[in-house]
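Everything on this sheet refers to the single structure shown next.
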Amino acid sequence: MKTRVRFAPSPTGFLHIGSLRTALYNYLFAKGLGGTLILRVEDTDRTRLVEGALEEQIESLAWAGVVFDEGPHVGGNFGPYVQSERFDLYREHGMILVENGSAYYAFDTAEELDSMRQRQQAAGIAPKYDRSSMRNQYTLGEQETARLLAENADHVIRLKVPIGTEIRFTDAIRGDVVVNGKEIDDQILLKSDGFPTYHLANIVDDHLMEITHVIRAEEWLPSTPKHILLYKAFGWEPPIFAHVPLLLNPDRSKMSKRHGDTHVKDFRQKGYFPEALVNFVALLGWNPGTDQELFSMSELIEKFSLDRVHKAGAVFDFKKLEWVKQEYIKMMDPTILAARILPDLEKAGYPRIEIDYVAKVIALLRERISFLTDLVEFGDYLFSDTLAEVSSETLATIKANAELVTALTAFANGLTPEAIADADAFKTYSQQIASDAGMKMGAIMKPLRLAVTHREVGADIQQTLMLLGADRCKTRIVDFIR
RNA sequence: GCACCGUUCGUCUAGGGGUUAGGACACCGCUCUUUCACAGCGGUAACACGGGUUCAAUUCCCGUACGGUGUACCA
């Protein structure tokens, strides 16, 4: 049987970083097995819909490199892939369960349910639908139920959880899980607005879409027994379940409960590379059992397996993400990086931004920047002859030093391309200047850097001068001490 | 409260009946460096606790503690 997995988000907001990881694991799992990844939109809660959320989620996923074989945006043979467009299907399936005795009508109002829960809490028992005392098919009787339905009274359909059963299933990550039937609530399957709840829609769609593995977040683990019950009630074979551990805040609470940078778009806007974010997030809860830390997407696909997914939640460590991001800046092809930063350089209005040249700049400065976008400011003197402002005190101090001014002038006057062509030539040349001026090298290098770049820190000075070219350096030094 | 899931350095993790418990990030120190970085080397640091099983338990079993999730006409 062909492996088919799905990622099933609700379009209620931006794509969460934890959702990215769940989607990624589904993607890696499917691709590693030559299977199919499906996007299914779970929009059955009509009150929580957010305009544009679906588009944003698909876009963020695509940015990260998670692509779908089937879904509302790409089509497929198992559609529609949006649950609100499958409305009739759920009602039909709900009726099947009512007819075979696995589900029943209930007419309770929200207030009635509230007071039921309050009574239960006061009595110190677990809040759970009380089939024997509430207003439903069983307590009301056949005739009254038929009458209420005929007059279109508000009603829901609830799952009739068989008493005295034990539900067990094997989770691909956690092993055997056993739950006593008496712990399971008579879950609502169809709401009074006619829409299904997650539980029903999920099972119907997973079955109809021939999903073989349900890889989802750990928060679903407690409701999985309900799902198993539903499969039984339909007489269907359940898929294999795999509940991945949660992503945690530093205080170990669920990461989605944190406000701040938990959306993929936040990382994207800050300038993280998708490759780095994916790499980092993949390792939160999974590892191949080797010392390798850096993986391309194809390596992840090749190595990923569910049995190496951890059971415990993982704290999202921003410091480690920083490191991964830095590794990518250092190892990615400078030309590719140049292409990515080009729009920002253009926006800054810099004149010297031919791609090959920008690639050279990146190769020179990549170890000193945190984000590629830092280059716009950090490397300004390489892209333009309009230089940063040097403070007047600094300038005055340098100009007041006659020896230094003489040395810098001499440096500029004698400067040739050969003198800065390599480290040795540069050393020879500057030592000559220094000894002529009766100064130490160290006393000249810092002012030289300042004169040419107008900045106090930067890459190796000889390489900087070489990239700039002798003429440009000359002009800048002369302008600086004038 | 109840149910379920979990617990190896601060963090991500490897490991697994007999190991000096391994790696990575972070942190600290040293080296390199005419800046800032990078790089290299070294260091601090962990099996939650209590019982059992066993010649031997961090590893298996049972409890306890702690943490997380769930407990909706949300997903």
Side-chain angles (χ1 to χ4, degrees), chain A residues 8-12 42-45 47-48 83 106 108-110 113-114 117 120-121 124-129 154-158 171 173-175 177-180 182-185 187-199 201-202 216-225 243 245-246 248 250-254 280 283-294 308 310-324 326-327 330 365-370 378 427 430-431 434 440-446 448-450 453 455-462:
Chain A
S10 289
T12 54
E42 312 225 321
D43 60 346
T44 54
D45 184 351
T47 63
R48 293 204 307 154
Q83 289 185 330
D108 315 279
T109 63
L113 291 170
D114 265 0
R117 286 189 199 102
Q120 290 169 332
Q121 296 224 294
I125 51 176
K128 188 165 166 282
Y129 186 75
D154 269 3
H155 67 276
V156 299
I157 289 175
R158 284 183 180 269
D171 187 281
I173 294 170
R174 284 148 214 286
V177 179
V178 185
V179 178
N180 195 315
K182 70 175 197 285
E183 307 294 345
I184 303 168
D185 204 359
Q187 187 62 241
I188 288 177
L189 267 20
L190 281 163
K191 303 184 255 187
S192 56
D193 66 359
F195 276 88
T197 57
Y198 170 86
H199 307 285
N202 185 255
R216 77 223 307 190
E218 185 185 352
E219 57 203 342
W220 291 109
L221 197 51
S223 48
T224 304
H243 290 91
L246 261 20
L248 271 22
D251 69 359
R252 304 202 77 87
S253 61
K254 185 167 141 184
F280 172 70
L283 257 19
L284 248 27
W286 171 85
N287 82 88
T290 64
D291 285 348
Q292 188 176 351
E293 298 274 347
L294 273 8
R308 291 201 64 91
H310 242 247
K311 294 184 176 78
V315 173
F316 191 96
D317 182 2
F318 284 83
K319 289 252 178 76
K320 181 110 183 214
L321 204 213
E322 289 302 299
W323 175 77
V324 173
Q326 203 62 30
E327 291 302 303
K330 287 188 296 194
L365 296 181
R366 70 204 315 189
E367 277 153 16
R368 287 153 229 263
I369 53 172
S370 178
F378 190 74
K427 192 171 183 183
S430 6
Q431 267 170 349
K440 283 189 179 165
M441 282 272 276
I444 296 177
M445 289 302 128
K446 277 189 180 186
L448 177 62
R449 174 186 300 283
L450 195 63
T453 70
R455 295 197 178 275
E456 296 187 9
V457 299
D460 175 80
I461 185 73
Q462 176 264 321

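All values derive from a computational prediction rather than experimental measurement. Proteins get letters first, then strands, A, B, ... in listed order; numbering begins at 1 in each.
- Rounded to a whole angstrom, the distance from the C1' atom of G6(B) to that of C27(B) is 28 Å.
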Pairwise N/O distances under 3.5 Å, protein to nucleotides 71-73 of chain B:
from	atom 1	to	atom 2	distance (Å)
C73(B)	OP1	R117(A)	NH2	3.4
C73(B)	OP2	R117(A)	NH2	3.1
C73(B)	O2	S192(A)	N	2.7
C73(B)	O2	S192(A)	OG	2.7
C73(B)	N3	S192(A)	OG	2.9
C73(B)	N4	D108(A)	O	2.9

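- Nucleotide A21(B) has no partner under the Watson-Crick or G-U criteria, as no pair reaches both atom distances under 3.5 Å.
- Judged as a ring pair (Phe, Tyr, Trp, His ring centres under 6.0 Å), and not counting sequence neighbours, the contacts of F280(A) are F316(A).
- Contact check, N287(A) against A14(B): a side-chain N or O comes under 4.0 Å of OP1 or OP2.
- Using P as the reference atom, C9(B) and A14(B) are 12 Å apart when rounded to the nearest Å.
- Legend: residues meeting side chain to side chain contact (heavy atoms under 4.5 Å, CB included) with V457(A), ordered by chain and number and at least two apart, are F378(A).
- Residue contacts shown for S430(A) are absent, as no nucleic acid heavy atom lies under 4.0 Å away.
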_Return a single string for nucleotides 39-48 of chain B, one symbol per nucleotide in 5' to 3' order, where B is base contact, S is sugar-phosphate-only contact and - is none, cutoff 4.0 angstrom on heavy atoms._
S---------
Which atom pairs link the protein and nucleotides 20-22 of chain B when you take only N or O atoms and keep those under 3.5 Å?
none

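- Candidate nucleotides A14(B), U69(B), A75(B) were compared by shortest atom distance to the side chain of R308(A), and A14(B) ranks first.
- Between G70(B) and K254(A), a contact under 4.0 Å exists linking OP1 or OP2 to a side-chain N or O.
- Comparing the C1' positions of C60(B) and G1(B) gives an interatomic distance of 32 Å, to the nearest angstrom.
- In this view, Q120(A) and M116(A), R117(A), I125(A), P127(A), D130(A) satisfy the side chain to side chain contact (heavy atoms under 4.5 Å, CB included) rule, not counting sequence neighbours.
- Rounded to whole Å, the separation between the P atoms of C30(B) and G67(B) comes to 40 Å.
- In plain terms, the two heavy atoms of K128(A) and K182(A) that are nearest each other are CE-O, 3.0 Å.
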Taking only N/O atoms, report every protein-nucleotides 6-10 of chain B pair under 3.5 Å with atom names and distance.
none

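- Here G67(B) is the nucleotide among U35(B), G67(B), U69(B) with the atom lying nearest to any side-chain atom of R252(A).
- Not one N or O on the side chain of D171(A) forms a donor-acceptor pair closer than 3.5 Å with the backbone of V177(A).
- The C1' atoms of C61(B) and U53(B) are separated by 7 Å, rounded to the nearest whole Å.
- Using the Watson-Crick or G-U wobble rule with both distances under 3.5 Å, U53(B) pairs with nothing in any strand shown.
- In this structure the side chain of D45(A) never reaches within 4.5 angstrom of the side chain of Y198(A), judged on heavy atoms.
- Only the P atoms considered, C49(B) is 45 Å distant from C36(B), to the nearest whole Å.
- For D108(A), there are no salt bridge (Lys or Arg N to Asp or Glu O under 4.0 Å) partners, not counting sequence neighbours.
- The stretch residues 311-320 of chain A participates, sequence neighbours left out, in these salt bridge (charged side-chain N to carboxylate O under 4.0 Å, His left out) pairs: E293(A)-K320(A).
- E219(A) comes within 4.0 angstrom of sugar-phosphate atoms only, judged by non-hydrogen atoms across all strands, and of no base.
- Under the side chain to side chain contact (heavy atoms under 4.5 Å, CB included) criterion, T12(A) pairs with S10(A), R48(A), sequence neighbours left out.
- When heavy atoms are screened at a 4.0 angstrom cut-off, G458(A) is found touching base atoms of the nucleic acid.
- Taking atom C1' on both U19(B) and G23(B), the two are 15 Å apart, rounded to the nearest angstrom.
- E218(A) pairs by the side chain to side chain contact (heavy atoms under 4.5 Å, CB included) definition with R174(A), P245(A), L246(A), not counting sequence neighbours.
- R158(A) places none of its side-chain heavy atoms less than 4.5 Å from the side chain of Q187(A).
- Dashed line: the shortest gap from a side-chain N or O of R455(A) to OP1 or OP2 of A37(B) is not under 4.0 Å.
- Not counting sequence neighbours, E367(A) has no partner by the salt bridge (Lys or Arg N to Asp or Glu O under 4.0 Å) test.
- Residue contacts for R48(A): at a heavy-atom cut-off of 4.0 Å it reaches a base atom on one of the strands shown.
- Nucleic acid contact class of V324(A) (heavy atoms, under 4.0 Å, all strands): none.
- Atom CD of Q292(A) has more than 12 neighbouring heavy atoms from other residues, nucleotides or ligands inside a 6.0 Å radius.
- Although no hydrogens or angles enter the test, the distance criterion places a donor-acceptor pair under 3.5 Å between the side chain of Q326(A) and the main chain of I369(A).
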